[in-house]
Chemist: 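Sending over a structure as structure tokens; questions will come in a sec.
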Amino acid sequence: MAKKERIKKILVEQILDKAGVPYETIYFPKGMEPDPERMEKYGLERHYIYKTLALTGNVTGPVIGILPIDEHLDEKKFAVVSGNKKVNMIPTRDLQKTTGYVHGANNPVGIWQTKKFPIYIDKTALEQGEITVSAGEIGRSIRIDAQTLADFVQASFADLKTAGLESPAYEWK
């Protein structure tokens, strides 16, 4: 009999457990590489997987935007929503020192717990209910109720995506 896949809980999961926040751990052993078998195992659809983007605003400093991986962030909309005139993506070289996470591992729970940066989630998440976001390590994600996540990290919902464009960042089929 094969051993059951046992994975040590990471900080984000520990934080959620301590707070009594329900979530489901999703593990991708190949990291950010698409894994159709795992996608099927967890019942994941591309549009329900959300990316956590770190930007800096000219007024507020760092701000976090969360939207489906198959969508583009509308920086003009995001600037207005976040109280800025302009926002720009934080360069990859500065990401870890700003958020505490490497590219592909940014997560709203860890960022809120350590940095308290303002967080905005695309309103699509409310309609979907459960969403999947990174858990703070490449290849680790959590599926969580969008409203529960927003309440926990004091996030606001807003229209953040560009209409009619699909993000080329991930080409999952």
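Numbers here are sequence positions counted from 1.
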Chemist: Is there a side-chain contact between T124 and L67 in this structure, where contact means two heavy atoms from C-beta onward sitting under 4.5 Å apart?
Modeler: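 Side-chain contact under 4.5 Å: no.
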Chemist: Could you check if a side-chain atom of P108 sits within less than 4.5 angstrom of a side-chain atom of V133, using non-hydrogen atoms only?
Modeler: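 They are in contact (side-chain heavy atoms under 4.5 Å apart), so the answer is yes.
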Chemist: Can you name the salt bridge (charged side-chain N to carboxylate O under 4.0 Å, His left out) partners of E75, sequence neighbours left out?
Modeler: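 None.
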Chemist: About how many Å separate CG of D74 and NZ of K161, when rounded to the nearest 0.5 Å?
Modeler: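 Answer for the NZ-CG pair, K161 versus D74, is 11.5 Å.
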Chemist: Strictly by ring-ring contact (aromatic ring centres under 6.0 Å, His included), give each pair with a member in residues 121-163 just once, sequence neighbours left out.
Modeler: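 Sorted pair list comes back empty.
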Chemist: Do Y23 and Y48 sit in one hydrophobic cluster, given that two such residues count as connected whenever their side-chain heavy atoms are within less than 4.5 Å of each other, even indirectly?
Modeler: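 No, no single cluster joins them.
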Chemist: Determine whether Y50 and M89 fall in the same hydrophobic cluster, where Ile, Leu, Val, Met, Phe, Trp and Tyr are linked whenever their side-chain heavy atoms lie under 4.5 Å apart.
Modeler: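 Hydrophobic grouping puts Y50 apart from M89.
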Chemist: Atom CG in L44, atom CE in M39: separation rounded to 0.5 Å?
Modeler: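 Separation between the atoms: 5.0 Å.
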Chemist: Could you state whether I138 and L53 fall into the same hydrophobic cluster, counting links through intermediate Ile, Leu, Val, Met, Phe, Trp or Tyr residues with side-chain heavy atoms under 4.5 angstrom apart?
Modeler: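 No, separate clusters.
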Chemist: For the CG atom of L55 and the OG1 atom of T98, what is their distance to the nearest 0.5 Å?
Modeler: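 So the CG of L55 and the OG1 of T98 are separated by 11.0 Å.
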Chemist: Could you tell me which residues satisfy salt bridge (charged side-chain N to carboxylate O under 4.0 Å, His left out) with K86, sequence neighbours excluded, listed by chain and number?
Modeler: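 Once residues adjacent in sequence are excluded, K86 has no partner under the salt bridge (charged side-chain N to carboxylate O under 4.0 Å, His left out) criterion.
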Chemist: How far apart are the C-alpha atoms of L95 and V102, what are their side-chain angles, what is the distance that settles it, and do they pass the side chain to side chain contact (heavy atoms under 4.5 Å, CB included) test?
Modeler: CA-CA 6 Å; L95 196 56; V102 297; over 6 Å; no
Chemist: Between P68 and K51, which heavy-atom pair has the shortest distance, and what is it?
Modeler: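 Minimum heavy-atom contact is O-CE, 3.6 Å.
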Chemist: Could you check if a side-chain atom of D17 sits within less than 4.5 angstrom of a side-chain atom of Q14, using non-hydrogen atoms only?
Modeler: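 Of all side-chain heavy-atom pairs linking Q14 with D17, none is under 4.5 Å.
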Chemist: Ignoring hydrogens, what is the shortest heavy-atom contact between P62 and P118? Give both atom names and the distance.
Modeler: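 Between these two residues, the closest heavy atoms are O-CD, 3.4 Å.
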Chemist: Suppose we screen for side-chain hydrogen bond (donor to acceptor under 3.5 Å, both in side chains). Which residues come up paired with T60, at least two apart in sequence or across chains?
Modeler: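 Applying side-chain hydrogen bond (donor to acceptor under 3.5 Å, both in side chains) to T60 gives N84.
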Chemist: Would you say the side chain of I64 lies within less than 4.5 Å of the side chain of W112, judging by non-hydrogen atoms?
Modeler: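 Side chain of W112 against side chain of I64, heavy atoms only: no contact under 4.5 Å found.
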Chemist: Measuring from E127:CD to D122:CG, what's the distance to the nearest 0.5 Å?
Modeler: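 Atom-to-atom, E127:CD and D122:CG are 8.5 Å apart.
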Chemist: Under the rule for side-chain hydrogen bond (donor to acceptor under 3.5 Å, both in side chains), what residues qualify as partners of E137, not counting sequence neighbours?
Modeler: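 In terms of side-chain hydrogen bond (donor to acceptor under 3.5 Å, both in side chains), with neighbours along the sequence ignored, E137 is linked to no residue.
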Chemist: Can a side-chain donor-acceptor contact be found between T25 and E13 if the only test is distance below 3.5 angstrom?
Modeler: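 E13 vs T25: donor-acceptor pair found between side chains.
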Chemist: Kindly give the heavy-atom pair with the smallest separation between G57 and V87, and that separation in Å.
Modeler: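 Nearest pair, atom of G57 first, then V87: CA-CG1, 3.9 Å.
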Chemist: Considering non-hydrogen atoms only, spot the tightest contact between A125 and A146 and give its length.
Modeler: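 Looking at all heavy atoms of both residues, the closest pair is O-CB, 3.4 Å.
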Chemist: Spell out, yes or no, whether V59 and V81 are grouped together once hydrophobic residues are joined by side-chain heavy atoms under 4.5 Å, including indirect joins.
Modeler: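 No, separate clusters.
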Chemist: Please step through side chain to side chain contact (heavy atoms under 4.5 Å, CB included) for the pair I142 and L16, ending with a clear verdict.
Modeler: CA-CA 10 Å; I142 56 169; L16 293 172; 3.6 Å; yes
Chemist: Take a 6.0 Å sphere around NZ of K123 and say whether it holds more than 12 heavy atoms from other residues, nucleotides or ligands.
Modeler: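 Counting other residues, nucleotides and ligands, NZ of K123 stays at 12 neighbours or fewer.
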Chemist: Do the side chains of R140 and I26 get nearer than 4.5 Å, heavy atoms only?
Modeler: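 Contact flag for I26/R140 side chains = no.
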Chemist: Excluding sequence neighbours, so at least two apart, what forms ring-ring contact (aromatic ring centres under 6.0 Å, His included) with F78?
Modeler: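 Residues passing ring-ring contact (aromatic ring centres under 6.0 Å, His included) with F78: Y120.
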Chemist: Nearest 0.5 angstrom please: I66 CD1 to I119 CD1, how far?
Modeler: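 I66 CD1 to I119 CD1: 5.5 Å, rounded to 0.5 Å.
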Chemist: Do K115 and T99 make a side-chain contact, defined as non-hydrogen atoms from C-beta onward lying under 4.5 Å apart?
Modeler: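 Result no, sub-4.5 Å side-chain heavy-atom pair not found.
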Chemist: Can you find a side-chain donor-acceptor pair between T52 and N107 that sits under 3.5 Å?
Modeler: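 Looking only at side-chain atoms, N107 and T52 do not form any donor-acceptor pair under 3.5 Å.
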Chemist: Side chains of H47 and I69: does their closest heavy-atom pair fall under 4.5 Å?
Modeler: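 Contact flag for H47/I69 side chains = no.
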Chemist: Membership question, hydrophobic clusters at under 4.5 Å side-chain separation (ILVMFWY): are V109 and Y101 in the same one?
Modeler: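 Yes, it is one cluster - the side chains of Y101 and V109 are joined through contacts under 4.5 Å.
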Chemist: Give every residue pair that meets the salt bridge (charged side-chain N to carboxylate O under 4.0 Å, His left out) criterion with at least one member in residues 91-100, sequence neighbours excluded.
Modeler: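 The answer is D94-K97.
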Chemist: Which ILVMFWY residues are connected to I10, directly or by a chain of links, through side-chain heavy atoms under 4.5 Å apart?
Modeler: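 None, because no other hydrophobic side chain comes under 4.5 Å of this residue.
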Chemist: Is a side-chain donor-acceptor pair under 3.5 Å present for E37 with Y42?
Modeler: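 The criterion, which ignores hydrogens and geometry beyond distance, is not satisfied for E37 and Y42.
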Chemist: Is there a salt bridge (charged side-chain N to carboxylate O under 4.0 Å, His left out) between K77 and D159 once you walk through the steps?
Modeler: CA-CA 7 Å; K77 285 182 188 176; D159 181 13; 2.9 Å; yes
Chemist: Taking all non-hydrogen atoms of both residues into account, name the closest pair between G110 and V12 and its distance.
Modeler: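 Looks like N-CG2, 4.0 Å.
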Chemist: Hey, is the main chain of I49 close enough, under 3.5 Å, to the side chain of T132 for a donor-acceptor pair?
Modeler: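 Side chain of T132 to backbone of I49: no pair is present.
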Chemist: Working to the nearest 0.5 angstrom, can you tell me the gap between Q154 CD and K116 NZ?
Modeler: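 Separation between the atoms: 7.0 Å.
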Chemist: For S156, what residues pass the side-chain hydrogen bond (donor to acceptor under 3.5 Å, both in side chains) criterion, not counting sequence neighbours?
Modeler: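 S156 satisfies side-chain hydrogen bond (donor to acceptor under 3.5 Å, both in side chains) with no other residue.
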Chemist: List the residues meeting salt bridge (charged side-chain N to carboxylate O under 4.0 Å, His left out) with K18, not counting sequence neighbours, and say none if there are none.
Modeler: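 For K18, no residue satisfies salt bridge (charged side-chain N to carboxylate O under 4.0 Å, His left out) once neighbours in sequence are set aside.
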Chemist: Can you list the residues that meet the salt bridge (charged side-chain N to carboxylate O under 4.0 Å, His left out) rule with E130, with sequence neighbours excluded?
Modeler: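 E130: no salt bridge (charged side-chain N to carboxylate O under 4.0 Å, His left out) contacts found.
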Chemist: Are side-chain heavy atoms of T56 and V63 found at a separation under 4.5 Å?
Modeler: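 No, their side chains stay 4.5 Å or more apart.
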Chemist: side-chain hydrogen bond (donor to acceptor under 3.5 Å, both in side chains) with E24: which residues, sequence neighbours excluded?
Modeler: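 Per chain and number, E24 pairs via side-chain hydrogen bond (donor to acceptor under 3.5 Å, both in side chains) with R143.
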Chemist: Determine the minimum heavy-atom distance between G104 and S134, stating which atoms define it.
Modeler: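 Here G104 and S134 meet closest at O-OG, 3.7 Å.
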Chemist: Would you indicate whether K76, at its atom NZ, is surrounded by more than 12 heavy atoms from other residues, nucleotides or ligands within a distance under 6.0 Å?
Modeler: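 Counting neighbours around NZ of K76, 12 or fewer heavy atoms of other residues, nucleotides or ligands fall under 6.0 Å, so no.
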